[in-house]
Structures are given as structure tokens and as C-alpha cells.
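Just below is one structure, and these are the notes that go with it.
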2 protein chains.
Amino acid sequence: MSSQNTDTRTRILEATIETLEKAGGRGVRMGDIAKATGISRQAVYLHFKSRTELLVSAIRYTGDQLDVDRKLAPSRAATSGVERLDLYIEFWGNYIPEIYGMARALMADQHTDEAAAAAWQDRMIAMRDGCRAAIDALHADGNLAAGWTRPKAIDALWTLLLVPNWENLTQQCGWSTRQYIRHMQAMAKRIFVESRE
Amino acid sequence: MSSQNTDTRTRILEATIETLEKAGGRGVRMGDIAKATGISRQAVYLHFKSRTELLVSAIRYTGDQLDVDRKLAPSRAATSGVERLDLYIEFWGNYIPEIYGMARALMADQHTDEAAAAAWQDRMIAMRDGCRAAIDALHADGNLAAGWTRPKAIDALWTLLLVPNWENLTQQCGWSTRQYIRHMQAMAKRIFVESRE
DNA sequence: GCCAACATTGACATTATGTCAAGTCAGAAC
DNA sequence: GTTCTGACTTGACATAATGTCAATGTTGGC
């Protein structure tokens, strides 16, 4: 693995991310990415065996670049379930916009491409972990609202935070990132946190 | 417009619905629909100028067949906002499974086909009306929870009921239709209804 | 000066939608 | 009973994108 090799691969990934973000994840072809990288379309296939593999690599690369682990630290350090829930939603609400272009491209391929579906699935399962942690923390505090079993609450929170919901609220309804975060936090607390009188 | 004409058109629509439901909305091509109808692929284009137009006609046809208006009557007749919300969610939870195949096919095309996006959008806007009515009824009762403006509450309820959420809960998480309805009703009430002590 | 790795070029296979032109076939009109 | 018309068929083609392949440059290290 010469430095050349790595370098071109990285350049492709960065061109992919930039191109997808610029286009809102719509109608970006392999040729567009090649052109943006400054190489031939075929050369892209020397580094990534398919469009799907490129998209998946790109979304992983973004995760690394954005230092997701560091950003998740606050929510992990939370001292109560409610705080953890709040901080996790805040993290997530700020994270989605940064990956939205790629998310959209992957989600579009999901319906036709098995591999894309699996890849996106994989990312969402990772996100589910954060939901599980938040619900578990709530439960440990004895604060999980009545009517919820832990698994059902995890399912529900996970679903609530899915990208299509963010998409609908921000793109269709015109909510800002800040509004998304504040209202999601409020909704999640009303749904999952036992009110104490 | 001979009866032949109408008849074939109807047969295409029914074959489309059946084929899509059978395939879960995945990988159904114009040729498959033609074969299911018992005519040539080209003949389909004599009745519908594009795949998108066919899908839209099919989803409309389903709506008519299923007599949506009648099914919506209970929620329209509700005497309180809370009841209206409950009944609307019940209607919707029972309705989605019946249109899921087509919904999925339309949603898949959404990312690449402007017309499909507009068509699905149009169906979802219709659904939004039910959300608006429920929130308005709650508000009229003085029961809309603090922290919500009416428009924001409508946006939020609308988003909560979107098909991808149903899809995730039933297909990924394995919830039954009944579970979906009960939990959605519970969540919606916790989110939007003022708790009275 | 030569090798190996990386890229380029251009042709091709594939798969779907959608268009087009020519022909078939049954029934209605005169 | 011929002719006309509308619905359908057949088969060829245009288009657009991904992905494959083979032959050919180009460049840095030894």
C-alpha cells in the first residue's frame, strides 16, 4: 500500500462526500465522483469495487473525520438517564446534517441494492446502541415511564430518531436543527420519562 | 372509451396492486405487471404513460377500493380531541398495511423520479390533513399540551405517523399492527395531550 | 534501463424504462 | 361483405447508468 494508493483513495472519499453534500445526495453518478476527484471513472473501480462499497466507505470515513466518539463522550458521561437522553438527542441532531447527503444516497439505493440496505442498516444498528444506553440509564434510575418494557422503549426511541423523521421535519416542515433538537428532546422526555409529582 | 378499454385499465391496476403487495414493493418491473395482467409490456403504456403514473393511479385506486372515506368516518365523528386522535391513529395503523407494497414502490422511486416524489408527497399531504384535524380538535378542547404551537404539533404528529416509522417498527422491530396502534396512540397522547391532575 | 503499481482509453455487457413502426384481429357501420 | 377503427402484439431501438475487460500509457525506485 504505497502512499499514492492511500492518497487517491482518500481523495476519492473526500470528493464523494463533497459531491454528495453539494447535490443533497441526489443524482450523483460514479462519473461525477471521478471527475470531482480528477481521475477516470474506471480508476474509481480500482479502489472501490462498487458504488455501494464507495458510499459505505465514505460514510465510515465521515464518521472517523467527524470524530464521532469524542462527540458522544458527553452523553456517555451523563449522570442521569434524563441527561443522557437529552445529550444523545443533541449529539444526533447535530450529527445528521453532516451526513445527510450520504445518508440520502444510501437510503435511495436501499430499495434496489441489497448491499446498500445492509450497509445503512449497519449504521442504524450502531445508532440504536445509543438509544439502548439512554433507555437503560432511564430504567436504572427507575425513571422509565409506565407502560414501557425496555425493548419496546428502545424500538420506539430508535424509530423516533430515524433520518426520515429528521428529513421530514427539516426539509418539508422547515424546522431548524435547533428546533429539531429541542422538540425531539421534549417529545422523548414526555414519552419515556416518568413524570414525578 | 369502450368498456374493453376501461376493463383492461382496471385489470392492469389490480394486477399492479397484487404484484406489488406480493413482492413487498420490491423489484417489480413493467414487464412483470404486464405479464400478471396477461398483456404485452407495451400495452401497459397504452393506458399509463409511465411507471410513475401507473403507481400513482394504483394507489388512488386502492384508496377508492378500500373506501377510505367510510373508514375515516369514526374519527371525524369523535366528540373530543383525544378521541379523535386515538381513532385517527387507529385508522391509519390499519390502513398502512393495505397500501404498503405500493407505498414502498413509490418511496423507492422518490429519490430518482421527480414525479414519483410529487405523487407520494401529495398522498402524505392528504394524510397531514387528518393530523391537523386531530390537533385542532385537541386545541379546541384546551387540551393541547404546553410547549406546542398548533403548526409545530401538526408537523410533529404528521412526522410520527410517516410510513418509514411504521416500516421500522413492524418490519425491523417485529411489532404487530396492534402493537403499533396501541403504542402510537399512547405516545401521541403523552406528547400532545395536556395531563390533568 | 527495467519493473511494478497505478491510471487511462475505449469498447462492451447488462438492465430497466420508454418510444416507434408495422402488423394482427374482432366487431361495428355502411 | 367489405371497410374502417380501436386495442393489442411484435420486435427493434434509444437512453442512461453500473460494472467489466483488455490494451496501453506513465512514473518512481532499484
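These figures come from a predicted structure and were not determined experimentally. Residue numbers start from 1 in every chain, and the chains themselves are labelled A, B, ... in the order their sequence lines are given, proteins ahead of strands.
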Take the protein atom [atom1] of [X] and the nucleotide atom [atom2] of [N], then report the distance between them rounded to whole Å.
| X | N | atom1 | atom2 | result |
| --- | --- | --- | --- | --- |
| A:Asp113 | C:dA16 | CG | C1' | 15 Å |
| A:Leu46 | D:dG19 | CG | P | 14 Å |
| B:Ile39 | D:dG6 | CD1 | C1' | 15 Å |
| A:Asp7 | D:dT27 | CG | P | 16 Å |
| B:Ile33 | C:dA16 | CD1 | P | 13 Å |
| A:Tyr45 | D:dA17 | OH | P | 12 Å |
| B:Arg51 | C:dT15 | CZ | C1' | 13 Å |
| A:Arg9 | C:dA7 | CZ | C1' | 17 Å |

(request) From the options C:dT8, D:dT18, D:dT9, select the nucleotide whose nearest atom is closest to the side chain of A:Arg29. (result)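 When the side chain of A:Arg29 is considered, D:dT18 is the closest of C:dT8, D:dT18, D:dT9.
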(message) Side chain of B:Gln42 only, heavy atoms from C-beta on: which candidate in C:dT17, C:dT19, D:dT18 is closest?
(response)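 Nearest to the side-chain atoms of B:Gln42, counting from C-beta on, is C:dT19.
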(message) Please give me the minimum heavy-atom distance between A:Ile17 and A:Ala58, naming the atom from each residue.
(response)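 Heavy atoms of A:Ile17 and A:Ala58 come nearest at CD1-O, 3.9 Å.
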(request) State yes or no: do B:Trp158 and B:Ile96 share one hydrophobic cluster built from I, L, V, M, F, W and Y residues joined by side-chain heavy-atom distances below 4.5 Å, directly or via other members? (result)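 Shared cluster, yes.
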(message) Can you classify the ring geometry of A:Tyr95 versus A:Phe91 as parallel (below 30°), tilted (30 to 60°) or perpendicular (above 60°)?
(response)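 Correct class here is parallel.
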(message) Judged by each residue's nearest nucleotide on DNA chain C, which is more toward the 5′ side, B:Lys49 or A:Val44?
(response)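 Checking each residue's closest nucleotide, the 5'-ward one belongs to A:Val44.
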(message) What I want to check is whether an N or O donor and acceptor connect the side chain of A:Arg41 with the base of D:dG19 at under 3.5 Å.
(response)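 A donor-acceptor contact between them is present.
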(message) Quick one about B:Asp32 and B:Thr19 (side-chain donor to acceptor, distance below 3.5 Å, no hydrogens or angles considered), yes or no?
(response)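 Judged by distance alone, the side chains do not pair up.
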(message) Is a donor from one side chain sitting under 3.5 angstrom from an acceptor on the other, for B:Gln65 and B:Glu14?
(response)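 Distance-only check fails for B:Gln65 and B:Glu14.
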(message) So, does B:Thr8 get its side chain near the phosphate of D:dA7, meaning an N or O under 4.0 Å from OP1 or OP2?
(response)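 The answer is no; no side-chain N or O of B:Thr8 sits under 4.0 Å from OP1 or OP2.
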(message) If you compare every side-chain N and O of A:His47 against the phosphate oxygens of C:dA7 (OP1, OP2), does one of them come in below 4.0 Å?
(response)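 Yes, such a contact exists.
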(request) Let me know, please, whether B:Ala43 or A:Met30 comes out on the 5' side of the other along DNA chain D by nearest nucleotide. (result)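 So the residue in question is B:Ala43.
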